[in-house]
Amino acid sequence: MTATLASPTRHQAPEPVTVNRKKKTDSRAALGFLTPSAVGMTLFILLPTLLAIATSFFNWPTYGDVTFAGLDNYAGLFAEGSQFPAALLNTVLFTIIVVPLNLVLTIATAFWVATSRFSKLYRVLFFLPVVTPTVATAVIWKLIYQPNGILDSTLQSLFGIHMPNLLGDSSTAMLAVVVVILWQGFGYNMLIFSAAIDQLPQDVLDASMLDGAAGLTSLLRIKLPLLTPAIFFASTVTMISAFQMFSEPFVLTAGGPGTSTVTVVMNVYQTAFQGGELGAAAAPAIILFALILVVTMIQWLGQKKWVHYDQ
């Protein structure tokens, strides 16, 4: 009598239940962390933007009946007597002047600070204007600029030179405001570039020195390409801030002389809160929003050609 031995059966490997549960747990945790930001963005950014777009198509006085206006508010921006064309031109000019000057000055200062033994002290001093209230800064600079002010009195006592009214002349008012804006926002980008310089890979710098790269060659071909991510970030943030310029020209010149320093945001403020026309104020705000969006998209798409993330 022979006994038949049963062949051992292979047990199937258990399904990766643990991995699936971990993925679900991670997804729920990520959703929990993202929900507050998503709710806040929806309530305070997305929803107000949609409401502003809708408002721009209505005649919406502060007090009175609301009526549908179609594209009349947008057409009125370019009608005779409108300040919007001048405000748009000034805003673009401010941005074209402020952004390159800010980047050049802050990068140069950051390299100087990085080589100084008092770098920490300089970083604190340069960053102080950033945390100073903008209105207070503008008021102080207005006292400096005005006739018989600090600057005028100093030049008269030392050199006998009488300063012109920089804020009262349309040919100098914009440049005077630009100086204040550069001084106010100088420390922010300087701190970004200073931190980026400290993080430059030392092995790359040492290798470039062995290859003979030094001085201006090292700066242009090695250090600046390594700083392009920081330059891209700083240029984008500075550009958006320049397009939204309001406090400095409003306090210093109130948009004058004439319309030489009026900006789009100032035009929105005057139309909404001084003129009482919310619909007419929403139209330039939407145009500015679209302009910032387009320029930012162009910068974002163009970064692939000049921003180097691999170190």
- [ ] Determine the interplanar angle of the Phe118 and Tyr122 rings, folded into 0 to 90°, and report it as parallel if under 30°, tilted if 30 to 60°, perpendicular if over 60°.
- [x]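 Ring orientation of Phe118 relative to Tyr122: perpendicular.
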Task: Whether Phe273 and Tyr269 hold their rings parallel, tilted or perpendicular, with breakpoints at 30° and 60° - done: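 Phe273 vs Tyr269 ring planes: tilted.
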Heavy-atom check, side chain of [X] versus side chain of [Y], under 4.5 Å:
{"X": "Thr271", "Y": "Phe84", "value": "no"}
{"X": "Ile231", "Y": "Val307", "value": "no"}
{"X": "Leu291", "Y": "Leu88", "value": "yes"}
{"X": "Thr261", "Y": "Met266", "value": "no"}
{"X": "Asp152", "Y": "His162", "value": "yes"}
{"X": "Leu219", "Y": "Leu216", "value": "yes"}

Neighbour count >12 (heavy atoms, 6.0 Å) for atom [atom1], [X]:
{"X": "Asp198", "atom1": "CG", "value": "yes"}
{"X": "Phe68", "atom1": "CZ", "value": "yes"}
{"X": "Trp183", "atom1": "CH2", "value": "yes"}

Open item on the list: Determine whether a donor-acceptor pair (N or O, by modelled atom type, separation under 3.5 Å) exists between the side chain of Gln303 and the backbone of Trp300.
Closed with: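 Indeed, once roles are kept as given, a pair shorter than 3.5 Å links the two residues.
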Task: Sidechain-backbone polar pair: Thr263 side chain, Met245 backbone, donor-acceptor under 3.5 Å - done: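 Yes, because the side chain of Thr263 sits within donor-acceptor range (under 3.5 Å) of the backbone of Met245.
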Open item on the list: The test is side chain to side chain contact (heavy atoms under 4.5 Å, CB included); show your working for Phe111 and Lys223 and say whether it passes.
Closed with: CA-CA 10 Å; Phe111 275 109; Lys223 294 180 180 179; 3.8 Å; yes
Task: Ring centroid separation Phe57 to Tyr74 under 6.0 Å - done: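 Yes - the distance between ring centres of Phe57 and Tyr74 falls below the 6.0 Å cut-off.
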